Colleague: 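Would you mind keeping the following structure in view while I ask a few things?
It should be emphasised that the depicted structure is a prediction, and the values quoted were computed from it without experimental measurement. In what follows, chains are A, B, ... by sequence order, proteins preceding strands, each numbered from 1.
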Amino acid sequence: MSASSSLPDSSPSSSPLHLAVALDGAGWHPAAWREPVARPRELLTAGYWTDLVTEAERGLLDFVTIEDALGLQSSHLTEPDGRTDQVRGRLDAVLIAARVAPLTSHIGLVPTAVVTHTEPFHISKAIATLDYVSTGRAGVRVQVSPRAHEAAHFGRRTFPPLRIEDLDTPAVRELTTDLFDEAADYVEAVRRLWDSWEDDAEIRDVATGRFVDRDKLHYIDFEGKHFSVKGPSITPRPPQGQPIVSALAHATIPYRLVARAADIGYVTPHDAGQARAIVEEIRAEQTAAGRADEPLHLFGDLVVFLDDDPAEAAARREHLDTLAGYPYTGDARIFTGSPAQLADLLQELAEAGLSGFRLRPAVLGHDLPAVTRGLVPELQRRGVFRQSYESDTLRGLLGLSRPVNRYAATA
Amino acid sequence: MSSTSQDKPRKQVHLAAHFPGVNNTTVWSDPEAGSHIEFSSFAHFARTAERAKFDFLFLAEGLRLREQGGQIYDLDVVGRPDTFTILTALAAVTEHLGLTGTINSTFNEPYEVARQFASLDHLSDGRAAWNVVTSWDAFTGENFRRGGFLPQEERYSRAEEFLHTANELFDSWHGDEIVADRRTGTFLRDAKAGAFVHQGQHFDIQGQFNVPRSPQGRPVIFQAGDSDEGREFAASSADAIFSRYATLKEGQAFYTDVKGRLARYGRTRDQLLILPAATFVLGDTDAEAEEISREVRRQQVSGATAIKHLEFVWNRDLSAYDPDGPLPDIDPDLGEHTIARGRAQVRMYRDPLATAREWRELAAANKWSIRDLVIETGNRQAFVGSPATVAETIDSFVQADASDGFILVPHITPGGLDTFADTVVPLLQERGVYRTEYEGTTLRDHLGLAHPDDVRDERAAS
């Protein structure tokens with residue numbers, strides 16, 4: 001592996017530091033719903049989600065992500081847990097984003113889509129339509145599902161039961177590689193569909209009676225191992241041309257998906273050294289994929305407990321762990337402390353090569369406003385975060401230009 | 001609600017609006033025509049429908065761009081947004097309007113569609129409806145994982161099983177599972193909430209549904225097919241039918257037939273609403289409306305459109321024919337239909353030879369050109385006249401059991417409902433056959449349908 005200085009610097013820059021929040025249920029701590037500030041009986045209402053996203057927009061954040069899955073939430077990674085003491089049940093994330101879109105005006109909306117069991121044709125038009133209803137603020141987070149019980153909800157494929165301790169066995173590696181290759185195919189098909197209409201395909205030429213110029217509509221003819229898609233899309237090219245594609249990644253195989261197919265990768269370093277190593281690995285994969293010159297944001301994921309008094313944040317975490325009955329851990333680093341301390345940490349991690357952060361509020365009702373009203377002003381004071389929205393589109397906020405249509409370019 | 005007394009109570013008229021998409025209904029060349037994709041168009045349309053106290057907004061679906069003669073069809077509006085996404089966004093800019101989406105049961109999976117409809121129902125506070133349609137063709141299948149796998153004769157069996165399975169998923173939560181008791185730490189009353197097992201010819205699935213019960217329990221179910229199987233499917237399983245018979249006689253025949261099928265499924269006549277699609281043209285006077293109507297029909301059918309329309313029946317390339325000349329003297333090609341793909345209309349002409357003969361005779365008798373014939377046979381608006389005439393006609397059709405109301409399809413997007421809302425609706429209200437305010441909040445309320453939980457409770461009690 002080469003030194004990071006020799007790697008291409010393909011991290012784009014507009015606002016010096018980018019911030020997103022990850023929305024899920026009552027928050028990322030499994031006992032979050034028990035806090036007095038939580039609204040556990042409203043998790044399935046439009047009002048709840050509108051309030052969260054407008055709060056994030058008040059804080060000038062780049063975007064929100066909305067978690068999703070094709071099975072009930074579980075404290076196990078790979079199977080249902082039968083628990084009744086945590087939030088269970090959720091709504092389709094793309095539709096939550098669509099419901100909130102007309103009520104917001106600047107913030108990006110990035111719902112999760114499970115690509116293992118869904119149709120690229122459907123998700124392509126859904127995200128394109130989210131881009132229309134939000135006038136250019138749509139993205140998607142693609143997620144694979146290796147879970148046997150979720151496959152049984154569809155009945156088309158079967159996966160062997162998966163145990164964490166088997167993750168490094170050849171059989172599981174093969175399955176994982178296949179799932180992520182399929183995800184890369186999925187993103188490629190979706191991206192081709194977004195380009196399958198040239199921007200000026202709709203001509204409304206009264207003289208010839210033609211509504212579209214059919215020469216500006218393109219069959220995508222995607223052929224992959226798990227599916228093929230003919231195209232063109234039924235939905236015209238969305239306002240951003242290409243909505244933002246993002247993915248969470250914890251290891252080499254998913255890093256490769258990020259490097260090959262995404263605009264944003266979410267990673268989970270626990271310190272600056274790890275962050276540097278992850279960035280280096282993904283940049284190398286990016287070069288290997290022939291995308292060295294293309295912008296690719298790498299965002300660090302952190303679970304946050306934020307209070308002006310750091311002791312209070314730590315005490316809240318302890319209290320919630322007690323309520324949950326076990327100490328909450330997860331893939332991402334859990335931060336407890338003050339907004340100023342978090343700002344220090346984010347700046348340190350940014351220097352290691354991350355261009356932004358996706359913060360996972362431990363308790364949405366408490367830690368989301370702590371981000372927007374505590375952390376954001378702190379970062380603004382330091383001159384590393386925007387004072388106002390500089391763009392109406394998500395691509396614009398992320399410093400990404402509107403891509404040229406691949407079919408128009410090669411025509 | 002059935003009544004045998006002589007002074008039958010006046011039926012209330014149901015109205016809904018279909019946002020016109022592909023097909024030559026839309027006069028996209030009109031200077032007032034706006035976008036059929038931008039959200040502002042849909043928002044305008046939905047707000048007008050809600051201002052007029054309509055029951056719901058209706059969207060059709062297409063999963064492959066249509067082709068004719070091997071090329072993408074370019075003479076009508078092409079392209080549309082994703083149904084679920086646009087309906088859910090519309091829930092943000094309306095409060096009462098029902099949101100009805102056509103979703104195909106062939107190129108989707110029950111778990112996914114059920115969670116999308118349950119989500120839409122939650123996010124709209126109980127305004128979701130599903131128009132269940134089927135398709136089988138490999139042409140559309142080329143966009144999907146499954147490909148063109150379904151033999152035509154299996155499409156209704158898949159549709160029925162699809163709907164049955166989706167209902168099992170909707171019913172897998174009863175609505176009382178979420179207790180969210182902070183003190184005891186109990187979020188769910190029952191760890192098995194959402195559990196389901198379905199084994200059938202088309203689906204073999206099991207697990208736990210992850211969307212808790214929605215405000216309407218289940219979305220309202222629409223059906224749009226017209227075949228014998230389609231009518232039977234509707235009589236057994238649907239809450240409403242989107243039909244295409246908007247004339248008095250045809251409407252009455254369809255109404256009588258379908259309502260007559262309900263009893264054998266243990267259902268009453270008010271448990272299935274029949275709502276034909278209906279186009280309309282309004283003018284200050286009847287004569288002015290007639291004049292506008294003729295103009296609109298000519299805008300809808302250009303010479304090129306007329307030739308393409310004839311090709312649906314002839315199943316041949318007729319591009320050499322003059323649209324202002326006589327009909328082709330050759331007969332339709334009776335082989336597999338290859339000239340036009342992705343079109344529902346093609347299936348309307350079940351006997352192309354007879355249709356061609358009939359059209360030739362009509363054209364000869366009336367001295368019609370190809371274009372005249374297509375205009376005269378295909379595009380007459382259902383209701384043409386002054387607001388008073390149209391209000392009276394709609395009311396009389398409903399009272400005469402030609403329908404329970406209409407799904408209006410304006411020819412202009414998105415402003416085509418505005419005049420109707422401002423002029424015809426107040427007249428229907430004056431006649432006492434149309435609501436002046438929404439009486440309830442859910443689409444089931446607007447349509448007078450029972451909540452599925454109440455039906456379940458009744459069955460359990462009896």
Colleague: Within the structure provided, determine whether R64(B) and K230(A) are in side-chain contact (heavy-atom separation under 4.5 Å).
Modeller: yes

Colleague: Give me the atom names and distance for the closest heavy-atom approach of W173(B) to L72(A).
Modeller: CZ2-CD2, 4.1 Å

Colleague: Run the side chain to side chain contact (heavy atoms under 4.5 Å, CB included) test on L70(A) and N210(B) for me, step by step, so that the C-alpha distance in whole Å, both residues' side-chain angles and the decisive distance to 0.1 Å come before the verdict.
Modeller: CA-CA 7 Å; L70(A) 294 172; N210(B) 71 348; 5.6 Å; no

Colleague: Provide the closest heavy-atom pair for S29(B) versus V206(A) in the form atom of the first, atom of the second, distance.
Modeller: CB-CG2, 3.7 Å

Colleague: Which atom names give the shortest non-hydrogen contact between I37(B) and P236(A), and what distance separates them?
Modeller: CD1-CD, 3.4 Å

Colleague: Kindly give the heavy-atom pair with the smallest separation between A92(B) and P102(A), and that separation in Å.
Modeller: CB-CG, 3.9 Å

Colleague: Could you state the interatomic distance from CZ (R210(A)) to OH (Y73(B)), rounded to the nearest 0.5 Å?
Modeller: 13.5 Å

Colleague: Only counting residues at least two apart or in another chain, list the ones meeting side chain to side chain contact (heavy atoms under 4.5 Å, CB included) with P146(A).
Modeller: L162(A), L179(A)

Colleague: Under the criterion side chain to side chain contact (heavy atoms under 4.5 Å, CB included), which of Q116(B), H122(B), R115(B) is the partner of L95(A)?
Modeller: Q116(B)

Colleague: Out of N108(B), D190(B), T305(B), D125(B), which one racks up the most heavy-atom pairs below 4.5 Å with chain A?
Modeller: N108(B)

Colleague: Please report the closest heavy-atom contact between D82(B) and H122(A), naming both atoms and the distance.
Modeller: OD1-O, 4.4 Å

Colleague: Measure Y219(A) against the heavy atoms of chain B and call it side chain, backbone, both or neither at under 4.5 Å.
Modeller: side chain

Colleague: Write down the atom of T88(B), the atom of R99(A), and the distance for their closest heavy-atom approach.
Modeller: O-CD, 3.5 Å

Colleague: Run F187(B) and R34(A) through side chain to side chain contact (heavy atoms under 4.5 Å, CB included) and show every step you take.
Modeller: CA-CA 9 Å; F187(B) 186 85; R34(A) 296 181 66 179; over 6 Å; no

Colleague: Yes or no on side chain to side chain contact (heavy atoms under 4.5 Å, CB included) for R145(B) and R156(A), after CA distance, side-chain angles and deciding distance?
Modeller: CA-CA 10 Å; R145(B) 287 178 189 260; R156(A) 300 198 290 202; 3.6 Å; yes

Colleague: Hey, which residues of residues 177-186 of chain B are touching chain A, say heavy atoms under 4.5 Å apart?
Modeller: I178(B), V179(B), A180(B), D181(B), R182(B), R183(B), T184(B), G185(B), T186(B)

